[in-house]
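One structure below.
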Amino acid sequence: MTESPTRSAADQPGADDRSASADKYGRQASTGFTLSGALRENEAHDHPSGPDLGGGGGGLPPRRRGFEPLFRFFTTGAGILVLVIIVAIAAFLITKAIPALSANKANFFTYEQWFPNDPSNPRFGIAALAYGTLLTAVIALILAVPVALGIALFLSHYAPRRIATGLGFVIDLLAAVPSVIFGLWGRDYLAGPIGDLSAWLHQYVGWLPLFGSGGPYGNSILLGSVVLAIMVLPITTALCRDVFVQTPTQNEEAALALGATRWEMIRTAVLPYGKPGVIAAVMLGLGRALGETIALAMTLGATFGVSVDIIHTGGNSIAANIANAFGEANETGRGALIASGLVLFAITLIVNVTARAIIYRRREFAGGTS
Amino acid sequence: MKLQRHGAIAALAITATLAMAACGSDNTGSGDSKAAAKAPSTDCAKGSLTSQGSTAQKNAMDQWIKAYQQKCSGAQITYDGTGSGAGVQAFTSGTADFAGSDSALKDGAEQTGADKRCKGGEALDLPMVTGPIAVVYNIGDVKGLQFKPATLAKIFAGKIKTWNDPAIKADNPSAKLPSTPIQPVHRADASGTSDNFTKYLSKTAAADWTYDHAKEWKAPGGVAAKGSDGVSAKVKSTAGTIAYDEWSYATTNGLNMAKIYNGAGAYTELTAEAAGKTVDGAKVVGQGDNLKLDIDYNTKVAGAYPIVLVTYEIACSKGNAADKLPLLKSFLTYVSSDDGQAALTSQGYAPLPKSVQTKVQAAVKGLA
């Protein structure tokens with residue numbers, strides 16, 4: 001972008017004023033493509049004797065064409081690179097996983113245990129791990145999203161501006177805390193209170209299968225989910241806030257003018273407008289929750305098994321199991337872990353594609369009615 | 001604004017304090033090693049070595065490397081606690097000059113794969129670090145517990161569920177045991193400590209322990225925690241727990257350690273000598289310089305503490321790179337020397353028995 005004004009200055013040594021102004025415009029235009037384009041149009045009008053000026057094939061219209069393909073090539077290349085990386089990752093995972101999968105003596109999709117390092121009888125399955133991954137992520141979102149929405153609405157529509165800025169900053173800070181800190185905190189501090197909460201839940205709502213366990217409590221799916229919820233809170237909150245802030249003022253004022261209370265205004269103007277953004281924010285949070293490794297490795301009880309009970313110690317996730325088992329794994333063990341990584345890859349892909357589809361449909365819908 | 005500036009100053013102060021605290025702890029660490037600093041009686045060599053593997057011997061390695069480098073200024077040695085599996089893998093692929101492993105190379109693909117790396121030689125298992133595994137528990141005020149292997153096996157297999165179970169009472173006639181449930185804690189991550197502990201259970205209580213031995217915990221139930229520190233933290237914070245952990249973690253966390261019933265028919269407290277007596281009885285089962293140790297967990301030696309772990313260094317007998325060999329030999333010579341072994345007792349390990357030590361020293365001398 002900045003390239004064009006400097007070059008035009010070099011091309012036109014006589015036009016000092018113009019080159020200076022072009023420089024100024026060019027810098028201003030660096031945020032928008034149209035302005036610099038218009039500028040070049042003007043220059044072309046001022047010098048109809050284009051071929052003369054553009055000696056050596058560097059005339060203004062050809063130069064524009066020369067830059068366009070270059071830029072196009074660059075962006076296309078970047079786009080293709082992403083695809084290449086994704087395909088390369090998939091290919092790597094698949095080639096490394098196949099030997100282990102063929103050595104597996106159990107059904108990879110239904111077996112719940114993980115013993116790939118037994119040289120004579122490697123058995124491992126993804127069922128318990130995939131279940132634990134999805135369960136912790138979903139519970140984390142159930143806990144985090146309402147709070148995130150509340151914080152975001154408070155920051156965008158209720159809080160005084162100064163407080164909102166400060167609080168927003170604090171929320172962003174929360175996103176910068178390394179996950180191992182959350183893990184340590186969950187393991188050393190939160191496990192006790194969560195254990196007490198589990199006992200309480202079991203006593204009063206123990207008829208729900210979710211809270212059916214009589215103990216021991218502590219390092220459970222619930223603990224992992226609560227830690228995860230705190231970890232996905234910042235990103236979800238920040239995105240939701242940004243979306244809510246962008247609600248058109250006319251819509252809000254129209255709602256208020258019609259006699260709506262603050263809450264009714266939010267319900268009728270802000271939330272419908274922000275829906276696609278909120279869904280995107282939730283999906284990003286889900287992505288983070290699915291891939292979280294060390295915090296879950298430290299807080300989950302690392303047992304294998306599929307159970308609806310979330311308060312009994314135990315639970316495991318794909319990423320946490322990789323962190324736990326990789327160091328001592330042999331050849332087959334590593335292959336098995338990579339195979340589990342492949343499953344996580346597929347789950348994340350499905351989640352992202354679904355999110356895209358939802359956002360795309362919603363956006364069209366919103367565009368049609370407005 | 002002012003508040004922010006104060007905040008910044010406070011943050012700086014905290015950072016500085018932390019940095020100083022970090023230095024402080026490092027200093028105390030090297031204070032220990034000063035006793036061992038005179039240790040390297042061997043010739044120094046220059047160069048650099050990279051190694052990785054078992055986390056169980058990480059503390060021992062750190063201690064040795066510190067002591068060796070204090071004596072020999074031109075030597076640069078690193079040891080990463082990546083895990084035994086990763087260490088063997090790195091050794092086999094040639095990225096590590098030697099590896100630390102909680103188990104000897106398994107005959108078959110693992111041994112032949114590692115042998116390929118050693119041109120004209122073979123990959124040797126050299127036992128270097130032995131250490132006791134403590135059985136730790138937390139039942140509030142109850143102290144001085146002791147266990148027979150069968151009782152331990154039943155507890156960790158989930159067959160005994162409460163502390164006042166008759167089997168535990170039989171081992172501890174005078175203890176006031178509560179009726180609370182037992183929470184056996186095991187390692188969440190695959191580890192050599194689990195492997196050695198389950199090996200002990202499978203050898204001493206075969207009738208009650210049917211899960212063989214493995215780095216992964218195979219028994220159902222129980223509570224898992226990640227890493228030795230995770231296990232000790234869990235036991236420390238939760239009443240009703242019992243766990244196995246490396247000795248050093250048990251002592252630094254001030255946990256109650258149980259006496260264990262040995263093959264000689266007595267409950268034995270964990271001490272360095274008691275653990276050394278069990279290692280003393282170990283037999284070498286490898287061929288030539290390949291020194292795989294077979295520990296007799298049922299040892300009849302009086303006063304022996306039977307639950308110990310052995311970790312190995314894996315190195316090439318021949319085919320070591322010319323620029324690495326002098327340092328490798330020199331370092332391993334120090335490690336297997338009396339001084340090197342004695343330096344470990346303060347870290348919660350036990351020295352190698354004499355009979356094994358001389359064989360290891362001979363094997364190190366033969367490295368080429």
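In this text, all values refer to a predicted model and were calculated from it rather than measured experimentally. Every chain is numbered from 1 and lettered A, B, ... according to where its sequence line falls, protein lines coming before strand lines.
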Taking side chain as everything from C-beta outward and backbone as N, CA, C, O, which of these in B:D212 sits under 4.5 Å from a heavy atom of chain A? Side chain, backbone, both or neither.
neither
If you draw a 6.0 Å radius around CG in A:N121, do more than 12 non-hydrogen atoms from other residues or ligands fall strictly inside?
yes
Between A:D118 and chain B, which part of the residue has a heavy atom less than 4.5 Å away: side chain, backbone, both or neither?
side chain
B:A224 and A:G301 have their tightest heavy-atom pair at CB-O, 2.7 Å
Donor-acceptor check, side chain of A:E328 to backbone of B:S84, threshold 3.5 angstrom: yes or no?
yes
Select, from A:G333, A:G195, A:A329, the one with the greatest count of heavy-atom pairs under 4.5 Å involving chain B.
A:A329
Which heavy-atom pair separates A:F115 from B:W217 by the least distance, and what is that distance?
CE2-O, 4.0 Å
Chain B contact via A:I322 - side chain, backbone, both or neither, heavy atoms under 4.5 Å
neither
The interface call for B:T92 against chain A, heavy-atom contacts under 4.5 Å, is neither
Does any heavy atom of chain B fall under 4.5 Å from the side chain of A:A297, the backbone, both, or neither of them?
both
Measuring heavy-atom distances to chain A, does B:K236 have an atom under 4.5 Å in its side chain, in its backbone, in both, or in neither?
neither
Which answer fits A:L300, side chain, backbone, both or neither, if we ask what part of it has an atom under 4.5 Å from a heavy atom of chain B?
backbone
Relative to chain B, which segment of A:N117 carries a heavy atom at a distance below 4.5 Å: side chain, backbone, both, or neither?
both
If you apply the rule side-chain contact (heavy atoms from CB on, under 4.5 Å), what do you find for A:W114 with B:E216, and how did you get there?
CA-CA 9 Å; A:W114 196 265; B:E216 305 92 356; 5.9 Å; no
Output yes when A:R187 and B:D229 qualify as a salt bridge under the 4.0 Å nitrogen-oxygen rule, no when they do not.
yes
What I want to check is whether the side chains of B:K106 and A:N330 have a donor and an acceptor closer together than 3.5 Å.
no
Of all heavy-atom pairs between A:Y217 and B:K234, which one has the smallest distance, and what is that distance?
O-NZ, 4.5 Å
Report yes if some heavy atom in the side chain of B:R187 is under 4.5 Å from a heavy atom in the side chain of A:N324; otherwise report no.
no
Taking all atoms of both residues into account, what is the closest heavy-atom pair of A:P216 and B:V223, and its distance?
CG-CG2, 4.1 Å
Identify which part of B:A214 has an atom lying under 4.5 Å from any heavy atom of chain A, answering side chain, backbone, both or neither.
neither
At their closest point, which heavy atom of A:D188 faces which heavy atom of B:A233, and how far apart are they?
OD1-CB, 3.9 Å
Under 4.5 Å from any heavy atom of chain B, what part of A:E331 do you find: side chain, backbone, both or neither?
side chain
